[in-house]
Amino acid sequence: MQPRLPSTAIVIGSGIVGASVAYFLARRGIAVRLIEAVSPAAEATGAADGAVSVASKKPGPMMQAALKGVALFGELADEGLLAGAFKRRSTFIVAASEDECAVLEAHASALAGAGVRVDTLDGKTLRARFCALSPGARMAIEVHGEGHAIGYQVVHRLLTAANVKVSRNTSVQELMLDTNGQRITKVTTSRGDARADIVVLAAGNGSAGLLGLRDILRPRKGQLLITERAPALNAAMPGAIMSGRYLLSKGSQTSAKAAPGRGLGLVIDPLVTGQFLIGGTREDFGDRSTNDIDAVSQILRDAVALVPGLASLRLLRSFAGVRTAVVDGLPLVGRIPGTENGFVATGFEGDGICLGPVMGKSIVQMICGEPTDVDLSVFDPSRFVLSGALQ
Amino acid sequence: MTDAEITVIGAGPSGMVAATTLSKVGYHVEIIEQRETLGGAIYRQPVESAMAGGPAAGSNARWKTIRNAFVKQAIPVRCGTVFLGIDGDGLVLIEDRRKGRVERLRRKGVVVAVGAVEKVYPRTGWHLPGVSTAGGLQVMMKETGRAPEGRVLLAGNGPLLIAVAAQMARLGNPPAALVEAGDPFGHMATGVALLKHPALLQEALLYLMDVYRSRIPWLRGAHVTSIEKEGPALLVRIERKGLEKRMSVDRIGLHDGIRCNDFGLPPETLSSKDAPVVVRAGDCREALGAIAAEADGARAAQRLANILSGSAEASGLDAAINRTRQAQDLLARLFAPIGNVSPLAICSDETILCRCEAKTVGDLRSLCQHLHPMTGREVKLNGRFAMGACQGRFCADNTASLMALMNADSADLPPRAEDLTGRRWPVRPVSIAALTAAANPNTEKPNNEVEQDDAS
Ligand SMILES: Cc1cc2nc3c(=O)[nH]c(=O)nc-3n(C[C@H](O)[C@H](O)[C@H](O)COP(=O)(O)OP(=O)(O)OC[C@H]3O[C@@H](n4cnc5c(N)ncnc54)[C@H](O)[C@@H]3O)c2cc1C
């Protein structure tokens with residue numbers, strides 16, 4: 001049965017996911033009210049790296065989704081919406097040890113098997129292509145057809161293009177259900193109630209409280225750094241660099257006395273401004289938005305080891321964001337179980353920039369009863385029992 | 001040597017007095033200073049108005065008193081060292097530029113005493129070569145002992161312009177004119193109230209006499225509306241009572257007052273488990289000039305000592321600060337711009353707002369034309385205001401004020417400069433090489449690899 005198309009919608013949260021949902025709804029003529037606790041891109045989206053990438057993915061549903069995500073960025077850039085806001089570039093995963101080389105070669109064939117264009121570059125070829133790299137780089141794989149986008153820029157483009165009304169500084173407090181417990185009749189906010197035919201929850205870490213999912217959604221902090229402009233060094237980098245170290249399996253690297261829950265993965269992205277974005281950490285503890293010298297100096301030491309020229313630049317800014325992770329590593333995208341008109345799209349952890357637009361588009365297709373660009377069945381929230389989630 | 005318990009940041013009068021006071025009551029104190037000498041702006045480079053600070057004649061004596069008391073305490077001083085902020089673990093971060101390394105300090109308390117900065121409103125052409133701040137010209141005179149050459153125009157608002165004009169006259173090249181937005185002569189009653197501050201009045205009169213003796217045209221109730229390049233010179237348009245006057249000059253010194261140099265600084269934190277107690281002192285708490293800064297250094301030190309020892313807060317130290325504040329209020333009223341139009345409101349769209357990223361008033365206007373007013377942070381991110389290497393020192397204040405004007409009918413709180421600059425370390429750009437040297441092998445957590453298979 002074809003569902004009746006909604007004519008009004010509330011979207012909760014204006015990160016990249018909420019903004020994408022709002023954009024694709026508005027494009028169909030549905031009147032959208034976007035309710036945002038702070039301001040657009042205030043949370044993870046405004047503090048993300050922005051790799052639009054499949055390079056580190058293993059074959060599976062997330063890789064399939066990421067491939068669609070990258071493709072959609074390309075389309076939106078070509079049609080103008082994201083022109084200039086999506087930088088096309090390769091990702092180079094660099095190996096600096098024997099172990100890393102082995103892992104990287106296996107990874108390259110997995111990517112190639114999934115239809116990704118990958119080249120393996122030996123040390124000599126690599127340094128010829130990438131003179132900024134240190135001699136310590138032994139080999140690399142170049143993953144083609146990827147890109148970089150800045151989360152807050154994408155949000156700004158989407159909201160401006162769709163002329164979506166954003167209620168800033170308005171926090172949703174509760175989703176109110178009818179007596180049957182099947183329809184969301186209204187949402188209560190810090191600035192009064194709001195009603196619409198459908199409600200899409202895209203509130204990142206704020207989603208957990210609204211759905212009662214605290215054990216399923218977990219905050220995971222990350223720290224990132226931005227350098228001053230360095231046009232010459234920037235031009236000497238034909239793409240982003242990712243250290244192959246973190247492709248190594250967990251067990252082989254974690255030392256017994258390691259501090260719990262902090263991981264360091266190195267990514268160096270040359271930005272269109274001539275600056276470099278360097279990241280980052282993945283932390284299960286700590287104050288949400290702070291940067292600490294331990295992490296910052298460690299990230300920079302790793303970065304300089306790979307690209308020695310960075311040592312002569314200045315660090316302009318550090319910042320931190322909090323990703324929303326799901327315990328089983330797959331996002332939550334689909335109908336809020338038990339409701340007719342409630343939907344959720346969150347839990348993208350470190351992939352929401354890449355996946356935000358395509359998942360926003362897909363959930364709008366689902367709402368409208370159409371086939372979805374991304375197969376959403378594995379992401380269906382009903383895989384978790386929502387214990388007392390909605391009252 | 002015992003490790004310091006308290007770090008004082010900035011060796012101007014407030015920082016030096018604070019350090020001295022804390023040392024006297026038994027704390028191990030150190031002071032860091034980004035320049036190579038002590039004394040701060042007033043006693044080394046008088047960026048602030050001497051008038052705002054106190055009588056010029058007495059300043060030498062004051063400096064000697066501050067310095068002698070400071071020297072007696074044998075407080076360790078680190079020059080060429082910049083404060084970067086306090087990190088998420090409560091470590092005080094400093095960059096020792098001589099050694100080229102960042103250091104992390106565990107401290108009980110921090111006194112932030114980093115002074116004031118000059119305020120300058122944007123005007124069409126204010127970014128052109130040959131235009132600087134009036135305070136900048138003053139520093140130059142102090143350093144070289146010579147007046148800036150050629151025809152110089154001083155313009156803006158406030159008593160510092162008169163002081164700079166007088167100093168130029170004494171050095172043999174009086175400015176071509178002094179353009180002042182206010183009209184101190186239009187406020188007789190306020191002027192009379194200044195009699196309660198004889199030292200200030202005396203200094204003002206001395207400067208004014210120099211201005212008159214040198215026949216410097218003092219255009220009151222006037223403002224510079226635009227600056228253009230005209231061959232090797234600068235063509236300035238000045239508006240006064242609806243009439244336009246043009247002048248051709250070689251250099252321009254702009255000045256619209258001073259404000260706290262608090263960009264990106266950590267807020268005062270009065271109790272904290274893992275982080276130091278942070279208090280602010282002097283002009284970076286409230287820009288009142290050197291005399292108040294001295295008193296405020298003592299006040300801040302007392303406050304910090306009280307918090308650290310858990311005793312009640314002492315009172316009675318604020319008399320000098322209040323007195324200076326009254327004098328400053330009087331001066332502000334005396335120099336209140338005529339016409340009550342914000343100089344920001346009349347900026348053309350082409351006027352540069354952010355010099356680092358070359359963003360204009362028009363760029364801001366188009367961003368602010370949205371259905372709903374954007375927050376300071378959105379304007380920063382999407383307009384790149386306050387994002388350059390100066391980290392907002394030049395544009396954050398003006399951008400926030402302009403946003404408030406553009407969204408005057410908004411119900412939301414008007415944006416503040418700190419909404420744009422944020423409060424993140426490093427508060428100054430810092431050498432990456434110096435940061436990589438910040439490793440502290442004893443406290444370094446081992447690097448823990450966790451599996452990561454998503455983008456970042
Ligand atoms: C350091 C770091 C690096 C990253 N790097 C990458 C990368 O390279 N590539 C990539 O693809 N992804 C990356 N990510 C991940 C990406 O940023 C996130 O997956 C994505 O931004 C999530 O978007 P979102 O819209 O779901 O959530 P958010 O951006 O967190 O947005 C949620 C919004 O909801 C609002 N909200 C919350 N509660 C309420 C409420 N009750 N009422 C109203 N509003 C509410 C919040 O204020 C917020 O604006 C990174 C993340 C971090 C932190």
Side-chain angles (χ1 to χ4, degrees), chain A residues 39-42 46 48-49 51 53 56-58 62 152-153 156 163 165-166 168-169 222 227-228 245-246 248-250 253-255 257-259 262-265 267 279-280 282 286-287 290-294 296-298 300-301 304 310-319 349-351 354, chain B residues 84-93 102-104 264 356-357 367 370-378 380-384 387-389 391 411-413 419 422 424-426 428-440 443-456:
Chain A
S39 65
D49 181 331
S53 168
S56 60
K57 293 275 170 295
K58 299 192 179 89
M62 288 300 277
Y152 57 77
Q153 265 178 15
H156 184 62
N163 206 8
K165 179 179 163 182
V166 186
R168 290 172 172 78
N169 300 314
T227 71
E228 64 185 336
R245 205 180 50 201
Y246 71 76
L248 290 174
S249 74
K250 204 175 181 175
Q253 279 290 296
T254 311
S255 85
K257 51 183 197 303
R262 176 183 291 190
L264 278 159
V267 179
R282 176 165 301 245
D287 187 336
T290 56
N291 291 89
D292 58 90
I293 185 74
D294 272 331
V296 170
S297 57
Q298 187 62 54
L300 288 175
R301 268 196 301 279
V304 168
L310 290 171
S312 61
L313 307 188
R314 293 182 304 167
L315 178 73
L316 204 54
R317 261 191 299 283
S318 68
F319 55 93
E349 195 166 353
D351 290 316
C354 176
Chain B
L84 298 179
I86 297 178
D87 89 341
D89 293 335
L91 291 163
V92 178
L93 304 177
V102 168
E103 289 179 35
R104 40 175 99 195
C356 299
E357 303 267 327
L367 265 182
H370 277 273
L371 228 54
H372 285 261
M374 290 196 173
T375 59
R377 184 168 181 274
E378 286 174 87
K380 167 190 181 148
L381 295 178
N382 296 304
R384 296 194 68 78
M387 266 196 148
Q391 292 172 317
D412 292 321
L413 289 175
D419 296 334
R424 302 206 149 268
W425 72 271
R428 291 290 174 87
V430 50
S431 145
I432 286 178
L435 271 167
T436 58
N440 180 343
T443 69
E444 201 66 32
K445 290 173 192 151
N447 185 3
N448 173 23
E449 307 291 333
V450 298
E451 189 176 15
Q452 174 176 4
D453 82 3
D454 57 7
S456 179

*Asks:* State, to 0.1 Å, how close A:Y152 and B:L381 come at their nearest heavy-atom pair, and which atoms those are.
*Replies:*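 Looks like CE1-O, 3.2 Å.
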*Asks:* Applying salt bridge (charged side-chain N to carboxylate O under 4.0 Å, His left out), name anything that partners B:R424, two or more places apart in sequence or on another chain.
*Replies:*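 Once residues adjacent in sequence are excluded, B:R424 has no partner under the salt bridge (charged side-chain N to carboxylate O under 4.0 Å, His left out) criterion.
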*Asks:* Which value, rounded to the nearest 0.5 Å, describes the distance between A:L310 atom CG and B:L435 atom CG?
*Replies:*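 Rounded to the nearest 0.5 Å, the CG-CG separation comes out at 12.5 Å.
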*Asks:* Could you look at B:L413 and say if it's the side chain, the backbone, both or neither that has a heavy atom under 4.5 Å from chain A?
*Replies:* neither
*Asks:* Side chain, backbone, both or neither: which part of A:T227 has a heavy atom under 4.5 Å from chain B?
*Replies:* side chain
*Asks:* Does some side-chain heavy atom of A:I293 sit less than 4.5 Å from a side-chain heavy atom of B:D89?
*Replies:* no
*Asks:* Would you say the side-chain atoms of A:R301 pair up with the backbone N or O of B:A437, donor to acceptor, closer than 3.5 Å?
*Replies:*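 Judged by distance alone, no pair lies under 3.5 Å.
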*Asks:* Please round to the nearest 0.5 Å and tell me the distance separating atom SG of B:C356 and atom CD of A:E228.
*Replies:*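 Going from SG on B:C356 over to CD on A:E228, the span is 11.5 Å.
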*Asks:* Quick one: pull up CG in A:N291 and CG in B:D87 and give me the separation to the nearest 0.5 Å.
*Replies:* 8.5 Å
*Asks:* How long is the straight-line distance from CD1 of B:I432 back to CG of A:L316, given to the nearest 0.5 Å?
*Replies:* 10.0 Å
*Asks:* Rounded to the nearest 0.5 Å, what separation is found between the CG atom of B:L367 and the NE2 atom of A:H156?
*Replies:*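 These two atoms lie 5.5 Å from each other.
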*Asks:* Can a donor-acceptor pair be found, under 3.5 Å and without considering hydrogens, that links the side chain of A:R317 to the backbone of B:M387?
*Replies:*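 Checked: pair present.
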*Asks:* Can you tell me how far the OG atom of A:S39 sits from the CE atom of B:M374, to the nearest 0.5 Å?
*Replies:* 9.5 Å
*Asks:* Any heavy-atom pair between the side chains of B:P426 and A:L315 that's under 4.5 Å?
*Replies:*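 Side chain of A:L315 against side chain of B:P426, heavy atoms only: contact under 4.5 Å found.
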*Asks:* Under the rule for salt bridge (charged side-chain N to carboxylate O under 4.0 Å, His left out), what residues qualify as partners of A:R168, not counting sequence neighbours?
*Replies:* B:E378
*Asks:* Could you tell me whether a side-chain N or O of A:S318 sits under 3.5 Å from a main-chain N or O of B:W425, the two making a donor and an acceptor?
*Replies:* yes
*Asks:* List the atom of B:R377, the atom of A:A41, and the distance in Å for their closest heavy-atom pair.
*Replies:*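 Between these two residues, the closest heavy atoms are NH1-O, 3.0 Å.
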*Asks:* Might you point out which heavy atoms bring B:A389 and A:R314 nearest each other, and give the distance in Å?
*Replies:*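 Of all heavy-atom pairs spanning B:A389 and A:R314, the closest is CB-NH2, 4.2 Å.
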